[in-house]
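Reviewing the structure listed below.
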There are 2 protein chains.
Amino acid sequence: MGRPTIDDIARKVGVSRGAVSFALNGRPGVSEETRARILAAAEEMNWSPHSAARALGGARAQAAGLVIARPARTIGVEPFFAHLLSGLQAGLSARSVALHLLVVEDTAAEIEVYRGWAREHRVDGFILVDLQVSDPRIAVIEELGVPAVVLGGPGKHGTLSSVWADDREAMLSIADYLAALGHTRVAHVAGLPGFRHTQRRIRALRDASRRLGLAEVLSVPTDFSDAEGAAATRSLLSRATRPSAIVYDSDVMAVAGLGVAAEMGVKVPTELSIVAFDDSVLNRIVHPALTALSRDTFTLGEKVAETLLETLEEPSRPRDVKTPTPRLTVRESTAPAAKAI
Amino acid sequence: MGRPTIDDIARKVGVSRGAVSFALNGRPGVSEETRARILAAAEEMNWSPHSAARALGGARAQAAGLVIARPARTIGVEPFFAHLLSGLQAGLSARSVALHLLVVEDTAAEIEVYRGWAREHRVDGFILVDLQVSDPRIAVIEELGVPAVVLGGPGKHGTLSSVWADDREAMLSIADYLAALGHTRVAHVAGLPGFRHTQRRIRALRDASRRLGLAEVLSVPTDFSDAEGAAATRSLLSRATRPSAIVYDSDVMAVAGLGVAAEMGVKVPTELSIVAFDDSVLNRIVHPALTALSRDTFTLGEKVAETLLETLEEPSRPRDVKTPTPRLTVRESTAPAAKAI
DNA sequence: CCGGGTTGCTAAACCGCTTCAGTTTTCGGG
DNA sequence: CCCGAAAACTGAAGCGGTTTAGCAACCCGG
């Protein structure tokens with residue numbers, strides 16, 4: 001015989017199907033005594049609900065959807081996503097909600113997937129990452145009427161929940177630290193200019209440099225790849241007055257930059273300080289180890305999961321969660337600025 | 001009004017529900033003319049099937065399950081999984097099969113998830129990774145009667161399909177290359193001894209060293225972490241007669257090892273050659289760039305997806321797919337052995 | 001012109017669970 | 001001891017598809 005159904009249990013216990021359903025879902029309508037017998041029988045028969053059948057009656061699909069729009073081969077270069085995923089998992093699986101994951105090439109494809117999944121009732125909610133400056137996805141999700149949480153903020157995005165860390169404040173703390181070390185010529189190898197957090201970081205650094213009286217900050221946008229990170233570094237270090245400190249928007253680019261410094265004979269940290277805006281093993285295993293902003297991506301993922309679950313419960317009340325501002329982990333790649341060039 | 005259902009289409013076209021189902025699924029039972037009208041209506045109404053409803057009637061869930069049993073925080077340290085995921089996605093989404101992903105702490109939990117997902121009909125098939133020496137999961141999956149493909153081979157695993165690369169041959173090619181460079185004292189920083197591929201690599205290297213007349217090879221097992229990779233390297237380089245070449249079972253450990261060499265003043269590649277058994281940006285961005293065995297993990301993922309889809313079609317006939325043996329990409333970390341110590 | 005096989009379609013059952021309108025039982029208050 | 005309300009439970013409808021049995025119309029050969 002196949003998997004046991006709710007009917008099998010009903011027959012065995014000698015009650016109706018409805019009663020079994022009530023008992024198994026902890027709703028009123030059955031006596032405690034009957035409930036206990038039903039639960040025992042279910043346990044004994046090793047029953048578990050057929051997820052599809054449940055989802056049919058308009059109920060939850062018990063799944064969340066995450067679509068990542070990046071060229072497939074570049075994914076996983078940074079540990080960021082993997083950590084985020086782990087955290088998401090941890091948060092979701094606690095309530096046995098599964099994660100539907102898809103990697104697509106671009107935002108257009110991403111939006112199509114949202115449409116499809118919503119129509120097919122495959123998921124109960126979405127998680128949006130890589131928030132863009134003027135993000136077309138927000139409107140679509142709102143139109144679909146599916147709960148969602150946006151990673152990256154700050155502030156609400158229409159009716160959607162959001163979870164965010166204060167990139168601005170984080171960048172300011174880096175600037176403060178470098179200024180305190182005596183650096184005046186600070187450069188910035190940024191990420192994709194279309195991303196919201198890239199813009200926030202660029203602006204924060206510029207503001208800080210004004211306040212601290214640093215020379216004009218140079219922010220170079222890249223596509224987050226190691227190749228562009230290296231290229232940007234090469235160009236920065238080739239300038240007549242080269243920067244004494246560089247902030248990188250990702251760990252991969254920071255490591256690539258470190259390599260370029262070595263290649264060009266620029267000593268780290270005596271001649272050049274390096275700070276990565278993201279932490280992972282990568283920063284630890286190179287020499288010198290890189291000073292980095294440690295945000296706990298795993299916990300961030302958990303937070304996102306939690307927020308999504310809450311939003312599912314109460315779709316009418318979107319959340320706005322700020323996560324702790326990441327702190328600087330100082331390692332060997334930062335030192336006081338050299339007196340002369 | 002909510003999403004259109006098959007009934008709406010039937011009403012609109014003026015046929016029965018069954019006819020619509022036939023038409024939409026390309027089965028005989030309707031005339032070409034009616035079929036065309038139904039398809040047009042479905043298109044116009046922007047209909048798509050409710051996945052749960054479909055899954056109910058015993059049909060496919062259109063999802064594959066992947067459970068990874070590793071401590072959540074260590075996941076994503078290596079790009080391997082991310083690349084594999086991307087490839088899987090590419091392969092599965094071509095036929096719009098989704099991927100159910102879960103990260104758990106250990107094999108026991110992993111097995112529980114398989115049981116649950118199978119009972120709940122959440123997935124049509126499983127993908128097993130990190131094949132262990134005597135793997136308890138195989139028997140469980142077989143007992144559950146759910147199609148699956150095992151990544152890591154060689155050979156069939158009971159009734160399950162498998163996809164594998166020839167680790168043995170790959171390791172032999174590394175040994176041959178190192179021997180040709182004149183290295184006689186080769187060491188090996190291996191991965192988890194419980195994994196099948198770790199054992200195969202260790203054995204292959206030992207066999208090769210006999211054949212090539214190298215000194216006894218030292219294989220040090222680790223947990224794949226950068227910390228243990230560094231520790232193993234430190235211990236190897238502290239020996240009275242230290243190795244002139246080290247092969248690492250992962251890129252992360254290789255980079256960590258490179259760091260230790262620098263820390264101990266051992267010059268790479270003049271005094272020590274380093275080879276990584278796995279390739280990624282990591283190997284490219286450090287200096288010197290690491291010679292590595294490049295397996296195309298993305299394509300591997302695609303292959304796994306493809307194999308799973310085939311197995312779903314014909315569960316009775318398990319596949320056994322061998323992928324191309326990875327090739328050595330030589331960079332700057334390998335050189336002829338120094339004449340004297 | 002009739003019998004038998006196709007073809008094209010309909011109606012209804014079914015998948016496993018939830019939910020809701022009722023019905024029966026229990027129980028407390030007057 | 002009766003009445004009404006609450007509690008416990010039943011039975012059936014419904015969710016959105018697939019599938020099967022059945023039926024009418026048509027085609028063809030003898």
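Naming: A, B, ... by sequence-line order, numbering from 1 per chain.
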Would you mind listing every salt bridge (charged side-chain N to carboxylate O under 4.0 Å, His left out) that reaches into [range], with sequence neighbours excluded?
range: residues 142-153 of chain A; result: A:Arg115-A:Glu143
range: residues 16-28 of chain A; result: A:Asp7-A:Arg17
range: residues 38-53 of chain A; result: A:Lys12-A:Glu44

(request) Find the bend of the helix from C:dC1-D:dG30 to C:dG30-D:dC1 as the angle between its two terminal axes (five pairs each), to the nearest 10°. (result)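 For the helix from C:dC1-D:dG30 to C:dG30-D:dC1, the axes at either end differ by 50°.
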Which residues pass the side-chain contact (heavy atoms from CB on, under 4.5 Å) test with [X], not counting sequence neighbours?
X: B:Ser31; value: B:Glu33, B:Thr34
X: A:Pro315; value: A:Pro147
X: B:Thr297; value: B:Phe80, B:His83, B:Leu84, B:Arg295
X: A:Asp135; value: A:Leu131, A:Gln132, A:Arg137, A:Ile138

(request) Please state whether the rings of B:Trp117 and B:His100 are parallel, tilted or perpendicular, taking 30° and 60° as the class boundaries. (result)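 Taking B:His100 first and then B:Trp117, their aromatic rings sit tilted (interplane angle of 30° to 60°).
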(message) A:Arg119: which residues meet the salt bridge (charged side-chain N to carboxylate O under 4.0 Å, His left out) condition with it, sequence neighbours left out?
(response)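 For A:Arg119, no residue satisfies salt bridge (charged side-chain N to carboxylate O under 4.0 Å, His left out) once neighbours in sequence are set aside.
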(message) Reading DNA chain D from 5' to 3', where do the contacts with chain B start and stop? Cut-off is 4.0 Å to heavy atoms.
(response)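 Nucleotide range with atoms under 4.0 Å of chain B: D:dG16 to D:dT20.
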(request) Only counting residues at least two apart or in another chain, list the ones meeting ring pair (Phe, Tyr, Trp, His ring centres under 6.0 Å) with A:His50. (result)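 With sequence neighbours excluded, A:His50 shows a ring pair (Phe, Tyr, Trp, His ring centres under 6.0 Å) to B:His121, given in chain and number order.
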(message) Across nucleotides 7-20 of chain C, 5' to 3', mark each nucleotide with B, S or - according to how protein heavy atoms within less than 4.0 Å reach it.
(response) -SBB--B-BBBBBB
